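All chains are named by letter (A, B, ...) in the order of the sequence lines, taking the proteins before the strands, and each is independently numbered beginning at 1. Note that the structure is predicted; figures quoted are calculated from it, not measured.
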Amino acid sequence: MEVMFMVRSGRYTRLNVYLLILSILQVGLHTVEGVWPLPQAFTSSTERYPLSPQAFYFGYGRQSAAQQGCSVLDAAFRRYFSLIFPDYTDGRLHFNQDKPFTVEVSIDHDDCEGYPNEDSSERYNLGVSAGQASLKAETVWGALRGLETFSQLVYQNDFGSYFINKTEIEDFPRFQFRGILLDTSRHYLPVQAILKTLDAMAYSKFNVFHWHIVDDPSFPYQSSSFPDLSSKGAFHPMTHIYTQSDVRRVISHARLWGIRVLPEFDSPGHTKSWGKGQPGLLTPCYKGGTPSGTFGPVNPALRSTYQFMARLFKEVSSVFPDSYIHLGGDEVDFTCWKSNPDVRAFMQKMGFGSDFTKLEAFYMENIVNITSALNKTSIVWQDVFDYHERIPKDTVLHIWKGTPAKYREELGRITKAGMRVLLAAPWYINHISYGQDWRNYYTVQPQNFSGTEEQKKLVIGGEVCMWGEYVDATNLSPRLWPRASAAAERLWSDEKQTSNVDKAFPRLQDFRCKLLRRGIRAEPLYVGHCKHEYQGV
Amino acid sequence: MSTTLKFTALLLALGLCRGLRHNYIDNYIDNYIDEVTEEEAELVAQPSKYGSLWPLPQKVQLSEVSFKLTSSSFRIVDAKDSTAGPSCSLLQDAYRRYYEYMFGIAKRQQLNKGRRTGPSELTELQVWITSPDSECDSYPSLTSDESYELSVNLPYAVLKAPKVWGALHGLETFSQLVYEDEYGAKSINSTTISDFPRFAHRGILLDSSRHFLPIKVILANLETMAMNKINVFHWHIVDDQSFPYLSRTFPQLSQQGAYHPYTHVYTPADVKMVIEFARLRGIRVIPEFDTPGHTQSWGKGQPDLLTPCYSGAKPSGAFGPVNPILNTTYDFMSQFFKEISAVFPDAYVHLGGDEVDFTCWKSNPDIQKFMDQQGFGQDYSKLESFYIQKLLDIVTATQKGYTIWQEVFDNGVKLKPDTLIHVWKGNQQQYQNEMAKVTSSGYRTLLSTPWYLNRISYGQDWQGHYKADPQDFEGTEAQKKLVIGGEACLWGEYVDATNLTPRLWPRASAVAERLWSAKDVTDINDAFNRLSVHRCRMVDRGIPAEPLFSSYCPHEYKGI
């Protein structure tokens, strides 16, 4: 099958297989199979119950630790009502004959006002029977996942009536960390585009928004301690920035969807835009005996650098509530450091000889210490491990490089050292190609490397990366969805039950139509149609 | 982590770095493994001396002298001697459209009623249609005169064009000359432009069969085509997967063959709207009804049209191409194309004719018998020719010219001398050979092979599209003249309303410049700089045209 998609020299080559699949699709997926990502354990039957928006209620169970007033769930009930009944526009109450249907939610812990974190349980049990559904979860975050599942179980027949089938589901994520990286430096993404992405993330049960907020091209984060960073380093100081209230809005929106916001302030490389608003921060490069006027990575030889970083990260760690911070640490080019006499003198003083990886390690160690002191756990790109194995044990390494063979090797090495690891290498979704590349994202096996069971457990999850060189608000959504959803199922569902990519195809087609129905500009997987096509431009 | 970033960093330097760019551009592939340059990358593309003109006009003279434009006093008006007056709604519509592009939707500015205009303010663009027949109420055609001359100076700017089609292009060019100065005031520099297209046929193919495209998306893309001086919308309206065209004569075709008989069809009113919307922008609409292959969806609403395939001695239940041995087939085609020729005013229809699979024909005993009777032996391309011949006669009888995909020519079907051959296959070598062959046989041709924009890859693939030239093949001057243009094709397997627009633009803009501007307009750095701004202009006009590379637009896309 794969070959058929890749080797297409003709204008169009007829694949009758797809006509067949299409006809299956039109029948529709009204069972648990229609839920994406696939729940861990379920039974469903063809017995179905009608739902009516006029007689549909969400409620809290009597034993539930969370009751009315729980901000996360109260908001979720409102949201999911509209998602479940997209045609329903009438806000007034009617008296009619419809039999009522109640979704009763019960939570063990009242964490309604908190933030989701690395330990949050997302487990839930959902039972649907005549006139009611019972949703039980340890936390509100688990309840959110269950509500999403519930909303995907509801379907409409040709006459517009709503139904749900008798169902039992027991569900929990395979990996705790299921992230999406957006890059707001190479192109500025309006806050609206970020919020919309958060919505779509929740539909695929992603739970971490990795915000690669600054990089070489621009510095849109408006820092209250160092306002010059964005006023000089953003593409535009007024229109292409994230104000503190923008950031708060993103964080609070994410919280209501059970999504963590993980900020990345990548250094010492990838910092060109920082230099504009913070003179003295970057290393001046030399040509012959004189400065050339250009700048390299952050200058690791100056005390002022670490004072600046300490203040910046103090601010960042109070602005972003998550207990993790991404520190970057990738792709540091030594050319400029090598050219600079002061840096070389510092190398001598520290006894680093001419091994610049030691200088880099020295720098990263200092930064990690700064964030540790702020009670934050660090995530760094794999480069940091590659040149420096003595980083604090609780640091998470983020794998982004290489072929499957290479990243498997890296998974083995890092976990062998007892470090936790996040996999991103196979999910560089900004890399586009012709055809159904989602299949490659789907068939990744994050724990398929040589290592002990203990090592496998150190894989805490994975991340889909949408780097921004060729992406802005014009094309972000269709490029992200539903391709990222393929990875979402890999990270949530049981691998054995979801190992067949051809079986996933009609389910994912169906799911992308659900995304469209919810106003997400999700692109098609292949020929076909959705009942409700995208109506924008 | 953002890619093996050496490549990216280099592209950044390449695309955006002052000074360095010229060294890198020609051999960047060779160089990209080299060390990352430590030169600082400027994040704003260097302005081109041609500003943001796209596609680049044939002759441009720009001066440093600038004039102000204000929304309160600026007007686009008919010149006194213009042959198109206020009754020419095509132009009146265009005036309003371009005023809005330049100034945004007009806000009422009552304060300015009595305001006197400044000394260096340009207050008027006069549009002067010079030939006796402005063609205001006609449809554009392959032979339409699209030339125009634009002179921006005081006391007023003048746009002269023989026909309204040139005036439309001139208005677009004028709007591209307007820029915001550092205080946000609209300005335009004194300019003289004389412009005409290099090729008469500059098209875009959209495929509404593999995915249904809502009318709104088609209209938005017609709008964008006009911004790029594209003048042909090749509507690949039906194919195997679905038949969304609602035929008055054969309503069952869409009733049975569309994805949905009500929500996924183009009604006669829809089609009319598309044609008129296109006309108002100087765009021809050429429909394609591809036969005898690519017709699975036709069979649903027209029983017996397709060939029943056999498995052994019995019909397998599957169907192949149109059945070429039945009289009923040709009766159907006569009636059908009679309707098409009335519905679509353009002088050409596209008849397809590509990728006919012979397996099903071979399996069918009736067809074998027919082959024997006709003395075709086992040569099924003769049967294909037989079909196409009859179809061409049918279409000729409707007074239409036709375009066909290259296979019909390759298979030696006898064609009328004015047939247009559409080249779509092969690699560069192969398509250039094909262009040489077609033109040496005296046929006119259209090129699409290098412009299959549905094929996406990572990076700046627009550069490849930009470099292809339809006249680059071995042949005489007379042969080169038979190349009437080209088309960018966006086939629909992976494209629908969700991703069509950003996938098409600004990549199709690269093709647009190749087909409009002079052959020697090939400086890719200058193109990058102009195209970057041109794409931001499209974004500004509400079109989600995707970025070329890391950078920004003053006004980012506001949709989601």
Side-chain angles (χ1 to χ4, degrees), chain A residues 10-12 14 16 19 183 186-188 190 192-193 196 215-218 235-236 239-240 272 285 292 294-296 330-331 333 335-336 381 400 424 428 430-435 465 467-475 477-478 516 521-524 526-529 531 533-537, chain B residues 1-3 5 8 35-36 38-41 43 210-212 214 216-217 220 239-242 259-260 263-264 294 296 318 354-355 357 405 424-425 454-459 491-499 501-502 539 542-547 549-552 554 556-560:
Chain A
R11 186 167 76 74
Y12 171 68
R14 193 175 302 113
N16 284 323
L19 297 174
D183 169 0
R186 291 180 175 93
H187 284 99
Y188 176 81
Q192 275 306 330
K196 193 81 172 179
D215 203 301
D216 283 330
S218 76
F235 283 133
H236 189 286
T239 58
H240 287 61
K272 288 232 185 293
C285 312
S292 70
T294 64
F295 295 90
D330 59 310
E331 296 187 308
D333 180 29
T335 329
C336 183
W381 297 105
W400 66 276
Y428 262 39
N430 55 313
H431 287 167
I432 51 168
S433 60
Y434 186 66
C465 298
W467 295 103
E469 283 87 349
Y470 302 104
V471 177
D472 70 2
T474 62
N475 58 356
S477 286
L516 271 193
R521 198 155 52 111
E523 67 179 20
Y526 195 59
V527 298
H529 77 291
K531 203 165 162 187
E533 301 288 358
Y534 182 69
Q535 292 300 326
V537 172
Chain B
M1 20 66 260
S2 177
T3 321
L5 270 186
T8 304
E35 271 302 302
V36 180
E38 274 299 321
E39 297 299 319
E40 192 176 34
L43 292 163
R210 271 125 194 162
H211 286 99
F212 179 78
K216 200 174 155 188
V217 175
D239 205 299
D240 283 332
Q241 285 76 7
S242 74
Y259 282 130
H260 188 283
T263 59
H264 288 61
H294 289 281
Q296 290 293 307
D354 58 312
E355 296 187 311
D357 180 16
W405 295 107
W424 67 275
K425 291 215 280 192
N454 51 311
R455 302 200 154 263
I456 50 169
S457 60
Y458 188 65
W491 295 103
E493 283 87 348
Y494 301 103
V495 177
D496 72 1
T498 62
N499 58 356
T501 308
V539 170
I543 304 300
E546 67 179 22
F549 193 61
S550 306
S551 185
Y552 75 105
E556 301 290 356
Y557 185 63
K558 288 288 184 291
I560 26 177

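Of the N and O atoms on the side chains of A:N430 and B:Y458, at least one donor lies less than 3.5 Å from an acceptor on the other residue. For the 3.5 Å distance criterion, the side chains of A:E533 and B:H264 qualify, holding a donor opposite an acceptor.
When side chains are defined from C-beta on, A:P524 counts as touching B:N499, because their heavy atoms get closer than 4.5 Å. Residues A:T474 and B:P547 meet the side-chain proximity criterion, which asks for heavy atoms closer than 4.5 Å.
Contacts between A:H240 and chain B at a heavy-atom distance below 4.5 Å involve the side chain alone, from C-beta outward. Proximity to chain B is absent for every atom of A:A424, based on heavy atoms less than 4.5 angstrom apart. B:A318 does not touch chain A: none of its heavy atoms, backbone or side chain, sits under 4.5 Å away. Interface remark: A:P190 contributes side-chain atoms only to the contact with chain B (heavy atom separation under 4.5 Å).
Partners of B:S457 according to the side-chain hydrogen bond (donor to acceptor under 3.5 Å, both in side chains) rule, which considers only residues two or more places apart in sequence or in another chain, do not exist here. The salt bridge (charged side-chain N to carboxylate O under 4.0 Å, His left out) test applied to A:E523 returns B:R503, not counting sequence neighbours.
Of the possible polar contacts, one joining the B:Y259 side chain to the A:G528 backbone as a donor-acceptor pair under 3.5 Å is found.
Taking CD of A:Q192 as the reference point, atom NZ of B:K558 lies at 10.0 Å (rounded to 0.5 Å). B:S550 contributes atom OG, which lies 6.5 Å from atom CZ of A:F235 (distance to the nearest 0.5 angstrom).
Annotation: maximal heavy-atom pairing with chain A below 4.5 Å, among B:E556, B:H211, B:E546, occurs at B:H211. Of the residues considered (B:D496, B:V217, B:V539), B:D496 shows the highest number of contacts with chain A, using heavy-atom pairs under 4.5 Å.
Pairing each heavy atom of A:T239 with each of B:P554, the nearest pair is OG1-O, 4.4 Å. The two residues A:R521 and B:Y557 have their closest heavy-atom pair at NH2-CE2, 4.4 Å. Nearest heavy-atom pair across B:A497 and A:Y534 is CB-O, 3.5 Å.
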side-chain contact (heavy atoms from CB on, under 4.5 Å) between B:Q241 and A:Y526, worked out:
CA-CA 11 Å; B:Q241 285 76 7; A:Y526 195 59; 5.5 Å; no
